[in-house]
Student: 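Can you keep this structure in mind? I'll have questions shortly.
Every heavy atom of this structure was used, including side-chain atoms; hydrogens, water molecules and symmetry mates were not. Since the structure is predicted, the reported quantities are computational estimates derived from the model, not experimental observations.
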Amino acid sequence: MGQRASRDSDGSEDEADAGAVNDENDEQRPHSRRSSVDAAAPAVLEPRRHQGERGIDLLSVLEDLYRTGQLRVMPGNRMFDRHPPISEAHRVPRSKPDTTVMDRSDFKKRVLVKSGDEYLYKMNVPYGDVPLTALHEFRPLRQQEKIKLGQHFIPNSAYRLLSSEEKLFCGLHSQDGNLFMTSGQDQAIRIYDTTKACTRGKPLKKIRRFDARDVGWSVLDVRLSTCNRYVAYSSWSDSLHLATVHDDSSHVSLQLNPESQHCGIFSLMFSHDDTEILAGGNHGDIYIVSLLNGRSQRIASAHADDVNTVAFADQTSHILYSGGDDGIIRVWDRRTLSEERPKACGLFLGHKHGIVYLDPHSDGRHLLSNSKDQLLKIWDLRCLSPADGLDEAKRAVGENRWDYRYRMKDRICPRKLKADRSVITISGHNVSQTLIRARFSPYESTASRFVYTGDGNGYVYVFDALTGEVVQSIRHHDSVVRDVSWHPSRPELISTGWDHCLNLWTYSQTPIVESPPTEIQTTSDSDDDL
């Protein structure tokens with residue numbers, strides 16, 4: 001796979017030709033605008049004269065996109081829209097999950113024990129049909145029963161929470177669920193109070209809104225510290241930025257000192273004790289930034305291509321995960337890591353395209369990965385892939401030459417790599433155009449029975465991690481759902497989309513999904529409850 005084709009929509013300079021199709025993908029400045037067109041006028045692409053090869057190539061690209069339905073002429077400031085119409089034809093075909101490994105895995109055993117399934121099966125009570133209040137009146141609920149109930153109350157009703165004037169890229173709850181934070185191309189970071197359950201028709205209570213600094217094209221990732229006092233964010237910049245959550249008392253820049261002048265950071269994560277930030281960026285580099293002295297350690301060329309996602313494996317912060325456009329997940333042990341000659345202590349091989357997101361399980365042993373090959377995989381740290389399978393994995397990634405930013409994946413290759421040691425492989429969602437996040441459901445309320453993800457077609461998917469089957473699949477966005485966050489203790493999901501909207505998902509005995517509005521209605525930042 002060529003290096004150019006492996007770049008993400010989150011901001012590559014190599015997108016010069018295709019990026020000109022969509023003004024919202026313009027790499028120069030996020031606020032640049034083109035003139036509006038008459039909505040009633042038909043779209044006519046006439047040949048240009050005396051433009052040379054570059055003009056002819058660009059026109060051919062525009063014509064192909066328009067004929068295939070991937071380019072639409074829009075009124076107002078949204079002149080070009082590259083997102084194709086969503087239809088069943090664009091849904092990724094599902095392959096039947098192989099649960100052979102999962103059925104005998106430690107992961108399944110832990111979920112069942114945590115859920116108290118054996119006890120509930122003996123009672124033979126359909127808890128999904130029994131109101132929570134009725135059970136509580138009969139006797140106090142045990143922790144296992146609460147989890148089992150939580151597994152039945154999957155969010156199934158959606159409504160529009162708020163809208164922005166630009167694409168939204170990130171949306172994430174704090175670890176305790178008391179805060180929610182979002183950011184996007186408008187360069188604003190908004191933090192909300194979510195200590196109380198969200199209700200239909202009532203806006204989120206805003207704690208703070210502030211403008212991000214040194215932003216190139218968009219804010220690419222944001223993270224809250226475990227203590228909820230600080231927020232870190234990144235963009236196309238050679239620095240990370242750290243700001244206080246509740247006031248403007250501190251807003252500092254953390255220099256990364258990369259070798260390349262054009263640096264982009266796609267993923268961030270705080271260590272458990274909030275003393276370090278782990279970051280992954282372009283050119284295959286990983287950074288570990290100390291918040292005690294501001295110094296950064298660079299793991300150069302950790303991957304053969306961009307590092308799209310990084311994560312600490314557990315609370316000790318000794319073990320690191322990284323996933324890149326080379327399709328490889330690498331495991332690093334900091335206790336044996338040499339900065340001059342870095343070498344991973346383990347590999348997870350099995351994906352056939354770039355890795356877009358990694359989510360470590362709270363047990364410190366399992367890992368969820370999302371990839372451009374349209375697959376989710378769960379891994380066990382105790383079952384690493386053999387190193388002799390690396391060449392096969394590289395060949396498989398090299399054969400995937402389609403560019404996920406501009407094309408839909410119409411099929412999934414069923415062949416499994418020999419070195420694939422994943423616990424289960426899940427398919428059915430669409431990964432296109434950007435780094436779509438996928439996560440385990442909360443451990444305390446669902447025992448991580450599910451995995452959930454956004455989708456390139458505007459859907460939110462919830463899969464059963466034990467069987468790979470779809471539990472919930474609802475569309476309430478007009479475009480890509482890049483991020484989804486499940487509240488740690490309540491049956492609430494908040495989805496973040498490229499249609500400029502945040503949507504709230506709750507549970508209802510009678511599912512309700514409001515139709516998405518035909519026009520974006522933005523709320524004013526002067527409103528205290530925005």
Student: Using a strict 4.0 Å threshold on nitrogen-to-oxygen distance, state whether Lys206 and Asp193 make a salt bridge.
Tutor: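 Looking at Lys206 and Asp193, the cut-off is not met.
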Student: Any sub-3.5 Å donor-acceptor pair from Glu166's side-chain atoms to Ser164's backbone N or O?
Tutor: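 Pair absent, no side-chain N/O of Glu166 close to backbone of Ser164.
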Student: Under the 3.5 angstrom rule, does the side chain of Arg208 hit a backbone N or O of Phe210 as a donor-acceptor pair?
Tutor: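 No; judged by distance alone, with no hydrogens or angles, the pair does not exist.
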Student: Strictly by modelled atom types, are Thr446 and Ser441 linked by a side-chain donor-acceptor pair under 3.5 Å?
Tutor: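 Per modelled atom types, Thr446 and Ser441 side chains form a pair under 3.5 Å.
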Student: Under 3.5 Å, is there a donor-acceptor pair between the His283 and Asp285 side chains?
Tutor: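 Side-chain D/A pair, His283 to Asp285: absent.
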Student: Between the side chain of Ser338 and the main-chain N/O of Pro342, is any donor-acceptor distance below 3.5 Å?
Tutor: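 A pair under 3.5 Å: no.
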Student: Does any N or O in the side chain of Thr244 come within less than 3.5 Å of the main-chain N or O of Tyr230, such that one atom is a donor and the other an acceptor?
Tutor: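 Looks like no, no N/O pair under 3.5 Å.
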Student: Using the benzene-type ring in the case of Trp, are the ring centres of His251 and Tyr233 under 6.0 Å apart?
Tutor: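 Close enough - the centres of the two rings lie under 6.0 Å apart.
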Student: Measure from the side-chain N and O atoms of Arg295 to the backbone N and O of Ile288, and report whether any donor-acceptor pair falls under 3.5 Å.
Tutor: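 Judged by distance alone, no pair lies under 3.5 Å.
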Student: Under 3.5 Å, is there a donor-acceptor pair between the side chain of Gln374 and the main chain of Val431?
Tutor: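 It does hold such a pair.
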Student: Where the side chain of Ser290 meets the backbone of Leu292, is there a donor-acceptor pair that is under 3.5 Å apart?
Tutor: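 It does hold such a pair.
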Student: Pick one: which of Asp221, Asp359, Asp455 meets salt bridge (Lys or Arg N to Asp or Glu O under 4.0 Å) with Arg437?
Tutor: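 The passing option is Asp221.
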Student: Show, in sequence, the C-alpha distance, side-chain angles and deciding distance for Ser322 and His303, and conclude whether the side chain to side chain donor-acceptor pair (under 3.5 Å) test is met.
Tutor: CA-CA 9 Å; Ser322 63; His303 287 259; 2.7 Å; yes
Student: Would you check if the side chain of Asn457 reaches a backbone N or O of Tyr459 as a donor-acceptor pair within less than 3.5 Å?
Tutor: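 Not a single qualifying donor-acceptor pair exists.
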Student: Does any donor atom in the side chain of Ser239 or Gln255 lie under 3.5 Å from an acceptor atom in the other side chain?
Tutor: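 On atom types as modelled, these side chains qualify, holding a pair under 3.5 Å.
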